Protein chains: 4
Amino acid sequence: MIDDEKTPGDFAVPDAPGGATRAVRADAKRNIDTLLEAAKEVFATSGVDAPVREIAARAGVGVGTVYRHFPQRADLVAAVFRREVDACAGAAPALAAEHPPCEALSAWLRRYSRFIATKRGLAAALHSGDPAFEPLPAYFRQHLGPALESLLDSAAAAGAVRSDVDPDDLLRAVGNLCLSGSDAGAERMVDLLIDGLRYGARFPAADSPPEQSDAGG
Amino acid sequence: MIDDEKTPGDFAVPDAPGGATRAVRADAKRNIDTLLEAAKEVFATSGVDAPVREIAARAGVGVGTVYRHFPQRADLVAAVFRREVDACAGAAPALAAEHPPCEALSAWLRRYSRFIATKRGLAAALHSGDPAFEPLPAYFRQHLGPALESLLDSAAAAGAVRSDVDPDDLLRAVGNLCLSGSDAGAERMVDLLIDGLRYGARFPAADSPPEQSDAGG
Amino acid sequence: MIDDEKTPGDFAVPDAPGGATRAVRADAKRNIDTLLEAAKEVFATSGVDAPVREIAARAGVGVGTVYRHFPQRADLVAAVFRREVDACAGAAPALAAEHPPCEALSAWLRRYSRFIATKRGLAAALHSGDPAFEPLPAYFRQHLGPALESLLDSAAAAGAVRSDVDPDDLLRAVGNLCLSGSDAGAERMVDLLIDGLRYGARFPAADSPPEQSDAGG
Amino acid sequence: MIDDEKTPGDFAVPDAPGGATRAVRADAKRNIDTLLEAAKEVFATSGVDAPVREIAARAGVGVGTVYRHFPQRADLVAAVFRREVDACAGAAPALAAEHPPCEALSAWLRRYSRFIATKRGLAAALHSGDPAFEPLPAYFRQHLGPALESLLDSAAAAGAVRSDVDPDDLLRAVGNLCLSGSDAGAERMVDLLIDGLRYGARFPAADSPPEQSDAGG
DNA sequence: CATGAATGAGCCTTCATTCAT
DNA sequence: AATGAATGAAGGCTCATTCAT
């Protein structure tokens with residue numbers, strides 16, 4: 001239901017089954033990778049609204065090459081976004097294997113924070129109504145949600161965090177926290193959120209503060 | 001509820017010393033107020049990147065009038081921002097007087113959330129390097145920081161929240177949480193943050209808070 | 001049903017009822033006229049596909065001015081087209097008053113030919129599917145159809161041409177004949193068509209020479 | 001019906017003197033034919049301004065192949081045009097052999113009309129100043145002029161049409177009539193022209209022949 | 001030779017900013 | 001002082017043409 005997407009990374013390079021055009025394909029693929037990497041860097045530097053020309057220049061290609069692979073500017077943004085979502089989601093298992101549950105969780109959240117922090121302007125773009133961005137939130141949730149969920153579950157099973165946190169909510173919360181960059185106190189803010197996760201963990205404080213529900217009122 | 005604040009600072013209106021220009025100045029001020037209000041509405045609707053023309057149209061004036069008062073587009077954005085910062089900061093005392101500490105705190109945070117939520121694109125703008133935006137973060141902290149601090153202090157004194165929260169961190173955290181709009185789960189996220197505030201309040205959990213330190217680093 | 005359009009020429013200059021902005025308006029109107037004239041000349045020279053910049057340059061204005069008055073490139077083409085349709089239709093009564101029926105008819109058709117001949121590329125544009133061009137054929141027929149019809153009726157009443165010719169067909173025929181320019185033999189072709197009109201006229205000349213002098217001029 | 005013409009001139013295929021390249025040349029020729037046919041279809045669908053890429057795709061080749069045979073885009077347009085001119089001219093003798101003079105004439109004119117009608121944008125292209133198009137009008141007249149002339153002569157000899165019509169004029173007239181497509185009333189217009197041919201024919205109709213139907217037959 | 005990826009000039013269009021009225 | 005017309009730089013995108021594979 002979540003992972004039965006096509007193998008990540010293939011989103012823009014439909015691979016012909018025959019092997020005849022493989023040489024050219026390899027070239028193009030390398031170019032696409034260069035492009036995605038350049039775009040990622042430019043987005044981190046100048047925001048996702050950076051001119052296509054700037055991205056093309058940084059990749060050392062002409063604008064035509066960008067448009068060959070990403071017919072709309074938004075497609076490039078989406079592709080970079082997806083590639084990084086994939087990479088970020090893919091980091092979860094390794095972290096889970098190498099660290100205790102709670103550490104793995106916060107390590108991954110920091111990994112995720114860094115990713116988000118390089119997407120200045122993405123929030124505005126996502127709300128721009130551009131149809132190319134429409135599937136992005138779903139992609140986001142479908143790939144990162146399960147990654148975070150497993151980490152959360154492990155941490156909850158270890159009694160380190162409360163068990164009633166919706167992964168998507170947390171994703172969004174941390175995401176928004178870092179959307180404007182990870183410069184100053186972003187890490188502290190994320191920590192604050194993680195503290196929120198701990199509040200009410202498996203062994204809640206005996207006299208646990210009353211107004212949990214009316215926190216909003 | 002917003003307009004009946006006393007008009008905030010003269011930040012952009014050079015003050016003529018003579019008294020004969022009083023009528024003119026009142027006129028200009030009314031014009032500026034109209035402009036700021038229009039801009040606020042447009043920003044809420046179309047983001048801070050909305051064309052100047054749209055703002056002028058909404059205010060019922062020509063673009064020239066906008067540029068008379070705000071020589072650069074960014075100045076208008078900054079002015080709107082400052083006006084709302086002032087209004088938001090000014091709301092703190094009233095809330096503190098009318099509600100118990102913890103309620104006052106969360107009510108103000110929601111008030112603040114609404115303000116931020118109408119500034120789509122502001123995060124990107126703040127990082128654009130435009131010098132007109134440079135003093136904004138400081139203005140932000142200088143006005144909202146103390147407002148929040150007093151509310152936090154009261155709540156901490158009442159034992160409702162932990163006492164080691166930096167107001168600026170919280171400001172920024174909630175701000176970022178709502179930068180992309182207050183549509184779906186923003187409130188839940190803010191609640192999560194407020195839960196974070198409560199964790200470790202006057203009656204900290206007796207045995208639970210396991211690896212708190214490894215969360216922060 | 002046909003003439004109850006707004007006064008021709010006003011299509012792009014909505015006139016405010018008040019007189020306050022009249023001075024600016026007059027300026028803008030003069031500019032629009034310059035623009036339309038420049039566009040007409042450029043269209044005659046380089047076809048209707050000429051770059052907007054070229055038109056703006058010839059009018060001595062910036063491209064922004066063009067787009068201020070004609071939000072889409074196609075709107076400018078349409079405006080020029082309409083203006084000339086109006087002028088051409090308006091020429092019919094004068095010709096009818098000054099010449100015998102058949103001469104008036106062929107004189108007007110030549111007038112019309114010259115107009116069409118300066119619209120290279122228009123046929124292609126009209127078939128481009130651009131919505132801005134959609135109302136053009138109707139405008140064309142509604143304005144030129146009656147103009148030609150009255151001339152045809154007079155000529156038919158005088159027995160000079162057959163009476164079963166659909167003005168719209170003739171309009172289209174002559175129009176197409178001249179769409180590629182009036183350089184070489186366009187006039188002869190139109191004459192050939194006019195001969196077609198005469199064939200089967202009410203009083204077919206028993207011996208009347210094919211080379212009607214008033215057809216060729 | 002169109003493909004079974006003998007392949008028209010080698011206008012674009014440099015002829016290697018050796019005989020060993022026969023097979024290759026046959027291959028190339030087949031390729032060129034495919035290309036010309038594809039281009040013809042695309043021109044009919046999207047006009048002569050259609051992108052080279054679209055033509056290459058329709059022919060199932062890469063753009064490089066197009067440019068190998070037609071160094072400039074205009075060369076391809078010209079080649080298609082010439083091929084169809086050849087085919088159209090070649091149809092005249094057969095029609096003359098199978099039909100009475102007047103029928104042969106109007107049948108050929110319709111054949112010719114269909115050819116022209118599939119060349120949207122050609123008029124504009126011919127006036128573009130592109131040197132590749134410069135010899136086209138002459139080619140046109142040199143091939144189609146005689147074809148039409150013989151049909152006209154036969155019809156004139158049979159007393160069906162006047163004898164003073166310049167074939168080139170008629171060619172151009174009918175051509176222009178159909179340049180914008182043969183959709184609605186193009187046929188009526190051509191009929192009107194044919195009526196023009198009849199006017200002043202050897203045996204002018206005394207009173208009846210307004211019936212256009214016999215013009216097409 | 002064929003292929004199609006890459007190039008980049010050039011087009012349309014938008015919008016911040018200026019300035020004549 | 002207000003207005004909005006004019007400006008033109010800048011950006012997205014297309015497509016003819018070239019060239020490495």
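What you see is a predicted model; the values in this text were computed from it and never measured. Residue numbering restarts at 1 for every chain, and letters A, B, ... go by the order of the sequence lines. Heavy-atom basis, side chains included; hydrogens, waters and symmetry copies ignored.
- The CG atom of D:D75 sits 9 Å away from the P atom of F:dT17 (whole-angstrom rounding).
- A donor-acceptor pair under 3.5 Å is absent between the side-chain atoms of C:T65 and the main chain of C:V61, judged by distance alone.
- Contact annotation for A:V63: base contact, defined as any heavy-atom pair under 4.0 Å involving a base atom.
- The structure places CZ of B:F81 at 14.0 Å from CG of B:L36, a figure rounded to the nearest 0.5 Å.
- With a 6.0 Å radius and a threshold of 12 heavy atoms from other residues, nucleotides or ligands, D:E134 has its CD atom at or below the threshold.
- Checked against F:dT17, E:dT17, F:dT7, the side chain of C:V61 finds its nearest nucleotide in F:dT7.
- Here F:dG11 presents its P atom at 13 Å from CZ of C:R53, a figure rounded to the nearest Å.
- Considering only side-chain N and O atoms, A:Q72 lies under 4.0 angstrom from the phosphate OP1 or OP2 of F:dC13.
- Comparing E:dT18, F:dA16, E:dT13 against the side chain of C:Y67 picks out E:dT13 as the nearest.
- Across the interface with DNA chain E, nearest-nucleotide mapping of B:A74 and D:N31 shows D:N31 to be the residue nearer the 5′ end.
- Closest to the side chain of A:V52, from the set E:dC12, F:dG12, E:dT17, is F:dG12.
- Atom NE2 of A:H69 is separated from atom P of E:dG4 by 13 Å (rounded to the nearest Å).
- Rounded to whole angstrom, the span from the CD1 atom of B:I32 across to the C1' atom of F:dA2 amounts to 14 Å.
- Judged by distance alone, with hydrogens and angles left aside, the side-chain atoms of C:R120 form a donor-acceptor pair with the main-chain N or O of D:H127 at under 3.5 Å.
- Results of the side chain to side chain contact (heavy atoms under 4.5 Å, CB included) test with C:F43 over C:V77, C:L122, C:T118, C:D49 single out C:V77 as the only residue that passes.
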**Request:** Show your reasoning for whether side chain to side chain contact (heavy atoms under 4.5 Å, CB included) applies to C:D75 and C:H69.
**Result:** CA-CA 9 Å; C:D75 295 330; C:H69 298 297; over 6 Å; no

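- Straight-line distance from the CG atom of C:D49 to the C1' atom of E:dG10: 14 Å, rounded to whole Å.
- In this structure, A:R68 reaches the bases: a heavy-atom distance under 4.0 Å links it to at least one base atom across the strands shown.
- In this entry the distance linking CZ of D:R30 with P of E:dA2 reads 12 Å, nearest Å.
- Between D:E37 and the options D:R83, D:R30, D:R58, a salt bridge (Lys or Arg N to Asp or Glu O under 4.0 Å) holds for only D:R83.
- Position along DNA chain F of the nearest nucleotide to C:G64 versus A:A50 favours C:G64 as the more 5'-ward residue.
- Whole-Å rounding puts the A:R73 CZ to F:dG12 P distance at 5 Å.
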**Asked** How does DNA chain E look in dot-bracket notation if pairs are Watson-Crick or G-U with both distances under 3.5 Å, crossing ones as [ ], other-strand ones as |?
**Response** .||||||||||||||||||||

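- Protein atom CD of B:E54 is 14 Å distant from nucleotide atom P of E:dT14, rounded to whole Å.
- Distances shorter than 4.0 Å separate none of the side-chain N or O atoms of C:T65 from OP1 or OP2 on F:dA5.
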